[in-house]
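Lettering of chains follows the sequences in order, A, B, ..., and the numbering in each one begins at 1.
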Amino acid sequence: MKKIAVVVTTPPYSNLSVTALDYVETALKSGVELVGVFFYQDGVMHANQQAQIASDEFQCLQQWQLLHQRFQLPLHLCITAAEKRGLSDGQPNNIHPNFTVSGLGELVELVNKADRLVQF
Amino acid sequence: MKKIAVVVTTPPYSNLSVTALDYVETALKSGVELVGVFFYQDGVMHANQQAQIASDEFQCLQQWQLLHQRFQLPLHLCITAAEKRGLSDGQPNNIHPNFTVSGLGELVELVNKADRLVQF
Amino acid sequence: MPTLHIVRQSTFNSDDFTQCLQVLRNNDVIVFIDDGCYNLHHPLISTIGSEANIQLSVIDKHAKARGITIDESLYTIINMNNLVELTLTTNRVITWQ
Amino acid sequence: MPTLHIVRQSTFNSDDFTQCLQVLRNNDVIVFIDDGCYNLHHPLISTIGSEANIQLSVIDKHAKARGITIDESLYTIINMNNLVELTLTTNRVITWQ
Amino acid sequence: MPHILPKLTAIINSKAPFSNTAGKDALDIALIFGSFEQPTSLFFQGDGVWQLIQEQNGALISVKDYLKTFAAFEFYDLENIYVCQESLFQRSLTTDFHIEKVQVLAKKKFADKLATHHTVLRF
Amino acid sequence: MPHILPKLTAIINSKAPFSNTAGKDALDIALIFGSFEQPTSLFFQGDGVWQLIQEQNGALISVKDYLKTFAAFEFYDLENIYVCQESLFQRSLTTDFHIEKVQVLAKKKFADKLATHHTVLRF
C-alpha cells in the first residue's frame, strides 16, 4: 500500500486550501495512508485558534481538525513560519492542540516515510 | 499643502512592506501630511503583537510604531481582514494599541481627506 | 517514469504553466485544477505535440465552478478520486502554483 | 492630467506590467520599484513609443539591490524623495502589483 | 480651493474570482463606498474579467459565491462598470456577462475612462 | 520492498529573491535536508534564476541577504545546482553567477535531470 505526504502552503482564506482538504479527505476515505500534512509558508495559518472565518464561509480550520480526529491524521506545523505570522506556543498559546509543533526536520521524515509527496 | 493617504496590503515578512515604510517615512520627513495608513488584506498582519520576526531581520512592525509615535501617524486596521488572519480585539487581544480598529468606512474618509492615495 | 503535473494557475496571469511546459516529457500527465482551468482554451495547449503522448485531464467541478467548458476530445474529465489515483500511478508530482 | 504608474512586479512572471501598458496615456510617468526593476531590459519597454512622451524612472537602490544595470539614456534614476514628489505632481497613482 | 464634491474612485479588478480574496476584498470596498454615496466605478481587466462571465457556480468548490452580489450594484449606485475589451479578446470571451449594464471599452477608451478618476485602487 | 536509500529530493526555485519569502523558505528546506544527509538538488527556473546573478546587495533595501548563504551549499553537501538555460536566455542573463559549480542545462536536459528525482518541491 502506497503512502502519501502532503505539504500545504496556502492560507485558510484561499479556496486553494479547500482543494488541499478535498484531496486529503478523498485519499483517506479511499483507504490511502496519509503519513502526515506539513503546514508551511501561509499554510501555517490553518493552526491559528484565534482566526475567525465568517460562519457562512467554508470552515477550513475546523475541517482539518475533523480529519485529524477521524483518521488520526498527523498535522505538522512549521513553527518558524508560524511565529512570523503571529502564532505562538508560548503564552498566550494560540496554536490549536491538534497540530504538532515541528521544524523542517519533520519534513525530511515525511519525505522518507511517503511514496509520494504532494504540495498544495 | 497636499495630503497623502496610504493603503498597505502586503505582509510584514515581505520586502514590499519595507518599501511602503520607506515611502511613508520619506514623505513625513519631507513635511508632507500623511492623513493615515489603512492596513488591508495581508497588510493587517503588521498589527499583530504576537508576530515574531528574527532579530537580525528588518523589524517592520516596530518601524510603523516609531512613525506613529514620532509623527502621530494614524494607523487604521481593517478588522474584518484582521480577524480572518488571527488578530482579535477581544480576549486575548493581540492587536498593537498603536493601531486603530477600523472598518472600510475609514477608507472612504481617508480618500476624501487626501489629495492622493497610494496603494502598496 | 511519468511525472504528474498539477497546474493551479492561470497562464494569462503567471508564468507557471509555461515553466511546466519547459520540463514536460513524453508520457507525462497534466491535471488542470483550480485556476489552472483557465488554461483549457489557451493557445499554449496546442504547442503540446500529440506525439509526446501527454495525458491532459481536468477536475470537472473546478472547471464548472469557473464557467469553463471542457473540450472532451482534448481533455479527460476526472474527479478528486482520480487525482489521488494518478498520484500513485505516476512516479512523482510537481505542483505548479 | 498624467497618471503615475508604480510597477512592482516582474513581467517575466506576471501580467501586471502588460496591464499597465494597456492603460498608458501620453505624458504618463512609470516608476519601476521592487521587482518591477526586472523589467528594465524586457522587450516590452521598446513598445512604449517615444512620441507618447512617457517618463520612465527607476528607484536606484531597488535596481542596485537586484544587480540590475540602468540604461541612463532610457531611464531617469530617482530616489524615494522623488517618488513622493511625483505622487504630488501627477494627478493620480496606480500601483501595479 | 478645497474639494467640495466627493472624489471619483476607481476600483480595478485584475484577479480571477476564487483562488484568492482579491475579488471579494474589492467588492467589499465597492459596496461600502457605494453606501457612503462615494461615486465609484468598477473596472475589470486581465484575469479580472473572469469575474463577469456567465454560468459560474462557486458552490461546487465550497466558495460562498460573492459574485451573486454583483446583481446589487445598481442598488448601491454602482452604475459605472467597465470591461477591457482587449482582455476579453485575449481570453476568447464573449460579452455575455452575469450582470447587465456592463460597458465594454476598447483599449484607448478604457484608459481614458480610468484617467477621469481621482483615486485608483487595484486588486 | 521497502526503500533503503534516502529519496532524491529536488527543490525548484521559481521566484525572484526579495519580494516574498519563497527563496528563503526553499533555502531553509535545502539546508535542513542537507544537514540530515538527505540527497537534495536545487533547480533554478523562471524568475528563480535572478537568485543566482552577481552584484546583488539586499542590504540596500534592508533585506537580510540570505543569498550569501548559497556559498555554504558545498558544506551542506548540496552539490547539484541546475539552472534552466532557456530561463537565462529569456532574461538576457549570462552564466556569471555568485556561486560556483552551477550547471546550466538546456531545456531537455533540465527536464530529464528533474525527472531523476523522487520528490519535488517548488517555491
Which atom names give the shortest non-hydrogen contact between [X] and [Y], and what distance separates them?
{"X": "E/F18", "Y": "C/A65", "answer": "CE1-O, 3.4 Å"}
{"X": "E/I61", "Y": "C/H62", "answer": "CG2-CD2, 3.5 Å"}
{"X": "E/I53", "Y": "C/G67", "answer": "CD1-O, 4.1 Å"}

Atom CZ in E/R91, atom CG in C/N39: separation rounded to 0.5 Å?
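Atom-to-atom, E/R91:CZ and C/N39:CG are 10.5 Å apart.
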Separation of E/E55 CD from C/I68 CD1 (nearest 0.5 Å)
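So the CD1 of C/I68 and the CD of E/E55 are separated by 11.5 Å.
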Check the surroundings of atom CD in E/Q54: do more than 12 heavy atoms from other residues, nucleotides or ligands lie under 6.0 Å from it?
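Yes, the 6.0 Å shell around CD holds more than 12 heavy atoms from other groups.
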Within a radius of less than 6.0 Å around NZ of C/K64, do more than 12 heavy atoms belonging to other residues, nucleotides or ligands occur?
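No, because the 6.0 Å sphere around NZ of C/K64 holds 12 heavy atoms or fewer from other groups.
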Checking C/I59 against chain E: side chain, backbone, both or neither under 4.5 Å from a heavy atom?
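The answer is neither part of C/I59.
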side-chain contact (heavy atoms from CB on, under 4.5 Å) assessment of C/R66 paired with E/S19
CA-CA 11 Å; C/R66 290 166 176 78; E/S19 286; 3.8 Å; yes
